[in-house]
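First the structure, in the form of structure tokens, and then the observations on it.
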Amino acid sequence: MTRPVLELEQVSKAYGGLRVCDDVDLSVRAGELHALIGPNGAGKTTLLDLISGLLLLDQGRIYFCGRDITRKPLHKRACLGLARSFQITSLFPGFTVQQTVELAVQAGENTSLFASMQRADRDARLREPAIRIMEQVGLGQRADIRAENLAHGEQRLLEMGMALASGASVLLLDEPMAGMGPGSAGDLSRLIKDLKGEKTILLVEHDMEAVFALADRISVLVQGRIIATGRPEEIRANDEVQAAYLGSKCWF
């Protein structure tokens with residue numbers, strides 16, 4: 001059996017006496033969209049922070065493509081192919097859409113320090129892949145607009161473009177549809193659906209309609225512990241999951 005692309009073994013993180021992630025075991029297969037859901041405060045964002053290297057765990061192991069990355073810093077995990085988005089969009093407000101994507105393409109090339117210090121918008125090699133990615137995320141007609149002047153939904157799409165431009169094979173998406181209107185959320189949902197199979201995706205999202213439409217498998221995190229993992233139909237029918245979500249089926 002092929003080893004999962006991303007594998008967590010008994011991962012734990014505590015702040016004082018509060019155990020935010022508690023002996024979490026999780027495996028994400030190559031090319032799948034694996035959703036991580038749970039009530040507010042369950043530890044979902046903390047778990048993404050641990051996987052990306054933004055936080056270091058207290059105990060346990062994290063493997064990426066069979067390689068132990070438990071103690072590797074964030075930038076080295078990114079170089080290996082892990083890209084992370086955040087609940088709050090983080091962009092360069094004064095950069096245009098094209099400049100932003102070109103910079104991400106340049107960073108993803110993993111070239112020498114000298115090369116990375118050159119202006120991305122003056123490097124013709126970066127233009128073609130940047131244009132392709134802008135078209136892919138639906139921002140081809142917004143190339144010359146500064147990031148700060150984009151609508152919120154467009155900013156989320158640009159952040160996705162940056163993750164794709166990095167060349168990452170695994171995308172860690174933290175509530176990418178947060179704050180979006182129905183139209184923008186639909187655009188992003190279609191983009192994520194198109195990426196299935198091409199990228200491995202671990203998705204944290206509160207939009208249950210999107211989660212159950214997109215996910216190949218779902219893991220449910222409650223009070224820092226995974227209580228269930230399975231296909232969407234298995235999670236719908238799981239009594240423990242129903243009880244954890246306010247004892248109701250209305251959440252999906």
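Along the sequence shown, the residues carry numbers beginning at 1. Worth knowing before you read on, the calculation uses all heavy atoms, side chains too, and leaves out hydrogens, waters and symmetry mates.
- Lys44 places a side-chain N or O within donor-acceptor distance of the main-chain N or O of Pro39, the cut-off being under 3.5 Å.
- The nearest pair of heavy atoms linking Glu135 to Gly140 is OE2-CA, 3.6 Å.
- Listed here is the closest heavy atom pair of Lys13 and Leu56: NZ-O, 2.9 Å.
- Side-chain contact between Asp25 and Gln10: present, with at least one pair of heavy atoms (C-beta onward) separated by less than 4.5 Å.
- Annotation: the span from Ser27 atom OG to His34 atom NE2 amounts to 7.0 Å, rounded to 0.5 Å.
- A distance of 10.0 Å separates CG of Leu188 from CG of Asp207, quoted to the nearest 0.5 Å.
- The CD atom of Gln98 sits 11.5 Å away from the CG atom of Leu139 when rounded to the nearest 0.5 Å.
- Both Leu18 and Leu50 are part of a single hydrophobic cluster, where members link through side-chain heavy atoms under 4.5 Å apart.
- Every residue two or more places apart in sequence or in another chain that forms a side-chain contact (heavy atoms from CB on, under 4.5 Å) with Ala163 is listed here: Ala83, Leu171.
- A donor-acceptor contact shorter than 3.5 Å links the side chain of Thr200 to the backbone of Gly31.
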Does the side-chain contact (heavy atoms from CB on, under 4.5 Å) test come out yes or no for Val170 and Leu202, once each step is laid out?
-> CA-CA 8 Å; Val170 175; Leu202 180 58; 5.6 Å; no

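- Using a distance-only test at 3.5 Å, with no hydrogens or angles considered, a donor-acceptor pair links the side chain of Lys199 to the main chain of Ala168.
- Without hydrogens or angle criteria, Gln242 side chain to Arg236 main chain gives a donor-acceptor distance under 3.5 Å.
- Among residue pairs with one or both ends in residues 61-72, those qualifying as salt bridge (Lys or Arg N to Asp or Glu O under 4.0 Å) are Arg61-Asp68; sequence neighbours excluded.
- In this structure, CG in Leu6 is found 10.0 Å from CD in Glu32, a value given to the nearest 0.5 Å.
- For Leu214 against Lys196, the heavy-atom pair with the smallest separation is O-NZ, 2.7 Å.
- In this structure, Arg77 forms no cation-pi arrangement with Phe64, as its terminal cationic atom is not both closer than 6.0 Å to the ring centre and no more than 45° off the ring axis.
- A donor-acceptor contact shorter than 3.5 Å is absent between the side chain of Glu7 and the backbone of Pro4.
- Pro176 approaches Val204 most closely through the heavy-atom pair CD-O, 3.6 Å.
- Residues Ile218 and Ile235 share a closest heavy-atom pair of O-CD1, 3.7 Å.
- Judged by distance alone, with hydrogens and angles left aside, the side-chain atoms of Ser219 form no donor-acceptor pair with the main-chain N or O of Leu36 at under 3.5 Å.
- For the atom pair CG (Leu74) and OG (Ser52), the distance works out to 5.0 Å, reported to the nearest 0.5 Å.
- The side chain to side chain contact (heavy atoms under 4.5 Å, CB included) test with Ile37 is passed by exactly one of Val222, Val220, Leu203: Val220.
- Taking the side chain as every heavy atom from C-beta outward, Leu158 and Val101 approach each other to under 4.5 Å.
- Side-chain contact between Glu102 and Val105 is absent, with no heavy atoms from C-beta onward closer than 4.5 Å.
- No donor-acceptor pair under 3.5 Å is formed between the side chain of Gln106 and the backbone N or O of Leu126.
- Between the Asp174 side chain and the Ser85 main chain, no donor and acceptor come within less than 3.5 Å of each other.
- Atom-to-atom distance recorded for Leu221:CG and Thr229:OG1 is 9.5 Å, nearest 0.5 angstrom.
- Residues Met162 and Leu91 meet the side-chain proximity criterion, which asks for heavy atoms closer than 4.5 Å.
- Side chain of His206 to main chain of Met177: no donor-acceptor pair is present (N/O by atom type, distance under 3.5 Å, no hydrogens or angles).
- At least one side-chain heavy atom of Met160 sits under 4.5 Å from a side-chain heavy atom of Ile192.
- Placement of Tyr63 and Leu55 in two distinct hydrophobic clusters is found when ILVMFWY residues are connected by side-chain heavy-atom separations under 4.5 Å, directly or transitively.
- Contact of the Leu33 side chain with the Lys193 side chain is not registered, since no non-hydrogen atoms from C-beta on lie closer than 4.5 Å.
- Across every non-hydrogen atom of Ile226 and Val24, the tightest pair is CG1-CG1, 3.7 Å.
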Give the C-alpha distance, both sets of side-chain angles, the deciding distance and a yes or no for side-chain contact (heavy atoms from CB on, under 4.5 Å) between Asp22 and Gln223.
-> CA-CA 8 Å; Asp22 191 1; Gln223 296 182 342; over 6 Å; no

Do Glu198 and Leu195 pass the side-chain contact (heavy atoms from CB on, under 4.5 Å) test, and can you show the C-alpha distance, the side-chain angles, and the key distance before you say yes or no?
-> CA-CA 5 Å; Glu198 176 186 343; Leu195 291 172; 3.9 Å; yes

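- The same ILVMFWY cluster, assembled from side-chain heavy atoms under 4.5 Å apart, contains both Leu150 and Phe92.
- Judged by distance alone, with hydrogens and angles left aside, the side-chain atoms of Gln155 form a donor-acceptor pair with the main-chain N or O of Ala147 at under 3.5 Å.
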